[in-house]
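Since this is a predicted model, take the numbers as computed values, not measurements. All values below were derived from every heavy atom in this structure, side-chain atoms included, with hydrogens, water molecules and symmetry-related copies excluded.
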Amino acid sequence: MAYEEYGDGPHAVVALHGWFGSAREWRTLHPHLDGAAFRYVFPDYRGYGARLDEPGEHTLAEAAADVLALADSLGLERFSLVGHSMGGAVMQRVLADAPHRVRAMVGISPVPAGGVPFDDQAWALFSGAADDRANRRVIVDMTTGNRLSGVWLDAVVDRSWRNSTPAAVAGYLRAWARTDFHTEVAGSPVEVKVIVGEHDPALGPDMMEATFRQWYPHCELEVLSNAGHYAIDETPVALATSVERFLANR
């Protein structure tokens, strides 16, 4: 199973990428991570990155099963989870399927376990992103507050286009937007941190207060200044610092 790795510390962390991402997207954070304290594992989902040609059903259950199989192959009995965007939904599916193995969770603009509501216009935009680069650009621009350069937007879209298949993008959209399993995780005692960007119009503080903060008794929320949906790119130093300060005591 394809994955990247950083660090060899005693605390294992599996970091799960977003809908337009891949394992490669986490490389921006590598220089700011403490590899002596943590061992980071960055897997690709089926149809993404190094698994571009691997067939799959592109469901949250399948992605979570792959995460657990990878952890088994690496000898990771217990580990923390970090999930960006769609990775936040996969992260919670892993918790639902194997709660005894999860030390702590950090969601970065994470998709809630209850899915995400769309009106018809938004659904047309997002579903069209499977086959249309222009749709992806509009989505990235919108979810970062229409404030970042066209050069950066084009780079994000290009990486996404090269590292995902249309079938995976289409399938995972249905999975993260229209799958509701929040009753399986509500009340979990796991400690959770949710980090959102101040310029993310959808998966921002209000959404987190209505979902994560309601479902997880031990959940804290942080709003990152000068970030939208892609804090991994926008504010990597602040993000890495926040993630590791939380995980260090878990």
Tell me the closest heavy-atom pair linking A50 and A2, and the distance in Å.
CB-CB, 3.5 Å
Would you please name every residue forming a side chain to side chain donor-acceptor pair (under 3.5 Å) with T144, sequence neighbours left out?
none
How about R133: does its CZ atom have over 12 heavy atoms from other parts shown lying under 6.0 Å from it?
yes
Is it possible for you to say whether W19 and L52 belong to one hydrophobic cluster, with membership spreading through side-chain heavy-atom contacts below 4.5 Å?
no
Looking at T179 and A175, would you say the former's side chain and the latter's main chain have a donor-acceptor pair under 3.5 Å?
yes
Can you name the closest pair of heavy atoms from D131 and P166 and give their distance?
OD1-CB, 3.5 Å
Taking ILVMFWY side chains as joined if any heavy atoms are under 4.5 angstrom apart, and letting links pass through other members, which residues group with V106?
Y6, V13, W26, L29, L33, F38, Y40, F42, V82, I108, I195, L224, I232, L239, V243, F246, L247
With D132 via side chain to side chain donor-acceptor pair (under 3.5 Å) - residues at least two apart
none
Taking C-beta and beyond as the side chain, do V41 and L74 meet within less than 4.5 Å on heavy atoms?
yes
Here the pair of heavy atoms bringing Y45 nearest to A63 is CD2-CB, 4.1 Å
Between R213 and D206, does a salt bridge (charged side-chain N to carboxylate O under 4.0 Å, His left out) hold up when you go through it step by step?
CA-CA 10 Å; R213 295 270 283 167; D206 291 345; over 6 Å; no
List the residues meeting side chain to side chain donor-acceptor pair (under 3.5 Å) with S80, not counting sequence neighbours, and say none if there are none.
H11
Partner of Y48 by side-chain contact (heavy atoms from CB on, under 4.5 Å), out of E54, E25, R24, H17:
H17
Partners passing side chain to side chain contact (heavy atoms under 4.5 Å, CB included) against T183 (at least two apart in sequence or in another chain)
none
Looking at R101 and E77, would you say the former's side chain and the latter's main chain have a donor-acceptor pair under 3.5 Å?
yes
Side-chain polar contacts of residues 149-156 - donor-acceptor pairs under 3.5 angstrom, sequence neighbours left out - could you list them?
| residue | atom | partner | partner atom | Å |
| --- | --- | --- | --- | --- |
| S149 | OG | W152 | N | 3.1 |
| W152 | NE1 | D233 | OD2 | 3.2 |
| D154 | OD1 | R137 | NE | 2.7 |

For S22 and R27, does a side-chain donor sit closer than 3.5 Å to a side-chain acceptor?
no
For V185 and A113, work out which heavy atoms get closest and say how close.
CG2-CB, 4.1 Å
Sequence neighbours left out, cut at 3.5 Å: what donor-acceptor pairs do the side chains of residues 114-125 make with other protein atoms?
| residue | atom | partner | partner atom | Å |
| --- | --- | --- | --- | --- |
| D119 | OD1 | Q121 | N | 3.3 |
| D119 | OD1 | A122 | N | 2.7 |

Rounded to the nearest 0.5 Å, how far apart are CD of Q214 and OG1 of T211?
8.5 Å
Only distances under 3.5 Å count here; give the side-chain donor-acceptor pairs of residues 89-96 to other protein atoms, sequence neighbours excluded, each with its distance to 0.1 Å.
| residue | atom | partner | partner atom | Å |
| --- | --- | --- | --- | --- |
| Q92 | OE1 | Y216 | OH | 3.0 |
| Q92 | NE2 | G88 | O | 3.0 |
| Q92 | NE2 | V111 | O | 3.1 |
| R93 | NE | D97 | OD1 | 3.2 |
| R93 | NE | D97 | OD2 | 3.4 |
| R93 | NH1 | E184 | OE1 | 3.4 |
| R93 | NH1 | E184 | OE2 | 3.2 |
| R93 | NH2 | D97 | OD1 | 2.6 |
| R93 | NH2 | E184 | OE1 | 2.8 |

Any salt bridge (charged side-chain N to carboxylate O under 4.0 Å, His left out) pairs touching residues 188-202, not counting sequence neighbours?
E191-R250, K193-E220, K193-E222
G228 to S109 - nearest heavy-atom pair and separation:
O-OG, 4.0 Å
Side chain proximity check, T165 to R51, heavy atoms < 4.5 angstrom:
no
State, to 0.1 Å, how close P236 and H32 come at their nearest heavy-atom pair, and which atoms those are.
CB-CD2, 3.9 Å
Got F212 and P112 here, is their nearest side-chain heavy-atom distance under 4.5 Å?
yes
How about CZ on R162, more than 12 heavy atoms from neighbouring residues, nucleotides or ligands closer than 6.0 Å, or not?
yes
State which residues pass side chain to side chain donor-acceptor pair (under 3.5 Å) with N146; sequence neighbours excluded, sorted by chain then number.
D141
In sequence, state the C-alpha distance, the side-chain angles, and the governing distance for R174 and T59, and then conclude on side-chain contact (heavy atoms from CB on, under 4.5 Å).
CA-CA 8 Å; R174 292 188 293 271; T59 64; over 6 Å; no
Check whether any side-chain heavy atom of M208 sits under 4.5 Å from a side-chain heavy atom of L221, and report yes or no.
yes
Would you say the side-chain atoms of D44 pair up with the backbone N or O of Y3, donor to acceptor, closer than 3.5 Å?
no
Which pairs, with at least one residue in residues 177-207 and sequence neighbours excluded, count as a ring pair (Phe, Tyr, Trp, His ring centres under 6.0 Å)?
H182-W215
Does R136 use its side chain to pair, donor to acceptor, with the backbone of A129 at less than 3.5 Å?
yes
Among residues two or more places apart or on two chains, list those pairs meeting ring pair (Phe, Tyr, Trp, His ring centres under 6.0 Å) that have a residue in residues 56-93.
H58-Y172, H84-H229, H84-Y230
Atom pair CG/CG of L76 and L70 - distance to nearest 0.5 Å:
7.5 Å
Using only atom types and a distance under 3.5 Å, with no angle test, would you say the side chain of S188 pairs donor to acceptor with the backbone of V190?
yes
For the residue pair D66 and R46, establish whether any side-chain heavy-atom pair is separated by less than 4.5 Å.
yes
Hphob cluster co-occupancy, V157 + F126, side-chain heavy atoms under 4.5 angstrom:
no
